[in-house]
Amino acid sequence: MGRYVVRRLLQMIPVFVGATLLIFLMVNVMGDPIAGLCGERQCDPATAARLEREFGLDEPVWQQYLTYMGNVFTGDFGTAFNGQEVTELMSTAFPVTIRLTLIAILFEIVIGVALGVVTGLRRGRPVDTGVLLITLVVISVPTFVTGLLLQLLLGVKWGWIRPSVSSEATFDELVLPGLVLASVSLAYVTRLTRTSIAENRRSDYVRTAVAKGLPRHRVVVRHLLRNSLIPVVTFIGADIGFLMGGAIVTERIFNIHGVGYQLYQGILRQNTQTVVGFVTVLVLVFLVANLVVDLLYAVLDPRIRYA
Amino acid sequence: MLLEVRDLHVEFHTRDGVAQAVNGVSYGVEAGETLAVLGESGSGKSVTAQAVMGILDMPPGRITGGEVVFRGRDLLRLKEDERRRIRGAEMAMIFQDALSSLNPVLSVGDQLGEMFTVHRGMSRKDARAKAVELMDRVRIPAARERVRQYPHQFSGGMRQRIMIAMALALEPALIIADEPTTALDVTVQAQVMELLAELQREYRMGLILITHDLGVVADVADRIAVMYAGRIVESAPVHDIYKAPAHPYTRGLLDSIPRLDQKGRELYAIKGLPPNLMHIPPGCAFHPRCPLARDVCRTHEPPLYEVSGTRGSACHFWTECLNG
């Protein structure tokens, strides 16, 4: 197990380098980083040259990349062109997005798994058909539609919640945005759990559990659910990365100043340092989430042992 | 009588129609007695056992008639919660394929201990100690260390021993073993069967042994019930049946056993196929495959004729069959 973890950690290095290099190159190709600095006007050539020298932009790209990575590992993600440290942006943006992601994951696990169990056990009945239909709708409708609709109904029309989130972005403010962010994944978790439960329900070990005279809830939770959750855990684990980076739409709708918002602003203003910095961290989040999922496999299914 | 099944009927409702899986089965088991239930796949032997245990999938299954009297109570009239308390504690079941019948993600100690925590309210620690004791009981070496292991870490024979230990845990009065040795290597089959028979004698349990292996039956069974198309066609003490079967189907089964003195000759097989349970032939269900069949067999279903005080045969011509 220990050796497996070490091997996996080592495998992360090339993935990390490759992914960050790709972003670095793409952002460089994207446009002239100096252009954003002089506002609407074109910079005059002398100022542009001075700025390029100051930021090291006259060096070759690979040199720039190495310098950047070197700085990243000392905790320096550089400075945005407006003079704000990127790490400072991160320290305000990431806690908000982590809170949002936590709420979304919680929704996925609690509601998604519960609905999956209920429908899996009652396959073909009205509850099952109804829930299945709803999940189909949720999956088909884009998040910005669901988000705006809920914001309009709950926030503006009925006034149950504040339509936009304050700069503190506390947990209770993030409940609705969290639900919106989770919605599509939640529908997938429901379907995944449902299929898995329905498949394992007729298995021999469930019949054994019944023959042992165990109460129904114990048969379902301890024997059936434990086995059915393996594919669901994989999905949720991989989803953590997506939720953290992919909250751009949700964060825009509810005016949440999280990672998605900062990334969006960074791309809009051609703020190279911000974009590369945030994406670098997101790559790390993805890698770690994937490792945790693989390790969870072994916990959930003892037949999988890593040598 | 420890268990008495009376005139049990079970149907399965499927998309293609209604399958008549069990059609009026009656049998009984005394404490300490072994009843072997013989028959081909689809003869209803497992379905009857599942109805007795109360683990039949309903739907699609449906019990349409009969009684299952266990220690004086008709189980079919009990509430589900009362039945659950009997399952595992007073009657237990051993399944054919131990690998798929044990939960792959729980340690064998957890699965054995569960019997004690759920039915007896023991602490997890005491239950674990009991699990080790049980594994010792079924002669699994190094039980103390292996109690933490998972089913896939055991060999086929050891896994079936764990199934036996689990069934035995609460010392039930009745054990139903559904082809307990079919999935095992021949060399291991005898060991597992011996162990089961020995523990049965020790605890004086009733044992229903469902099998299609006539070799196993001869060694351990007291009585035999032969099933065909959801009915019992012959029921008799084991020696009587081996001496002279009173039903042509039983005769066919016995003749199908390969024998050394017939080496080189073609093996005997009962001609034809088992009936489709959605369209069981009228009259005697066996008549399309029966060498003795006459007109009456096509129109009249034979009752279970009394051959002797302890023996019955559902054949119009049982005397003919018995004599040869």
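Side chains included, hydrogens not; waters and symmetry mates left out as well; all remaining heavy atoms used. Just so we're on the same page: letters track the sequence lines, and every chain starts at 1.
Note on Arg222(A) versus Glu114(B): salt bridge recorded, some NZ/NE/NH1/NH2 to OD/OE distance being below 4.0 Å.
By the neighbour-count criterion of 12 heavy atoms within 6.0 Å, atom CZ of Phe286(A) is densely surrounded, having more than that number from other residues, nucleotides or ligands.
In this structure, the separation between CZ on Arg87(B) and CG on Leu214(A) is 9.0 Å, given to the nearest 0.5 Å. Atom CZ of residue Phe95(B) and atom OG1 of residue Thr208(A) lie 4.5 Å apart, to the nearest 0.5 angstrom. Here the CG atom belonging to Leu112(B) is positioned 7.0 Å from the NZ atom belonging to Lys212(A), to the nearest 0.5 angstrom. Considering CG of Leu106(B) and CZ of Arg226(A), their distance stands at 5.5 Å, rounded to 0.5 Å.
The minimum heavy-atom distance linking Arg84(B) with Gly213(A) is given by the pair NH1-O, 3.0 Å. Of all the heavy atoms in Pro104(B) and Asn227(A), the pair that sits closest is CG-OD1, 3.4 Å.
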Derivation of the side-chain hydrogen bond (donor to acceptor under 3.5 Å, both in side chains) call for Gln111(B) and His223(A): CA-CA 10 Å; Gln111(B) 296 187 60; His223(A) 290 267; 5.4 Å; no
Verdict with reasoning, Asp301(A) to His152(B), per side chain to side chain contact (heavy atoms under 4.5 Å, CB included): CA-CA 11 Å; Asp301(A) 191 345; His152(B) 71 275; over 6 Å; no
Full working for side chain to side chain contact (heavy atoms under 4.5 Å, CB included) between Arg207(A) and Gln50(B): CA-CA 10 Å; Arg207(A) 188 184 56 185; Gln50(B) 286 174 9; 3.8 Å; yes
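Contact annotation: the side chain of Asp57(B) never approaches that of Arg201(A) to less than 4.5 Å [non-hydrogen atoms, C-beta and beyond].
Of the listed residues Ile86(B), Asn103(B), Asp81(B), Ile55(B), the one with more heavy-atom pairs under 4.5 angstrom with chain A than any other is Asn103(B).
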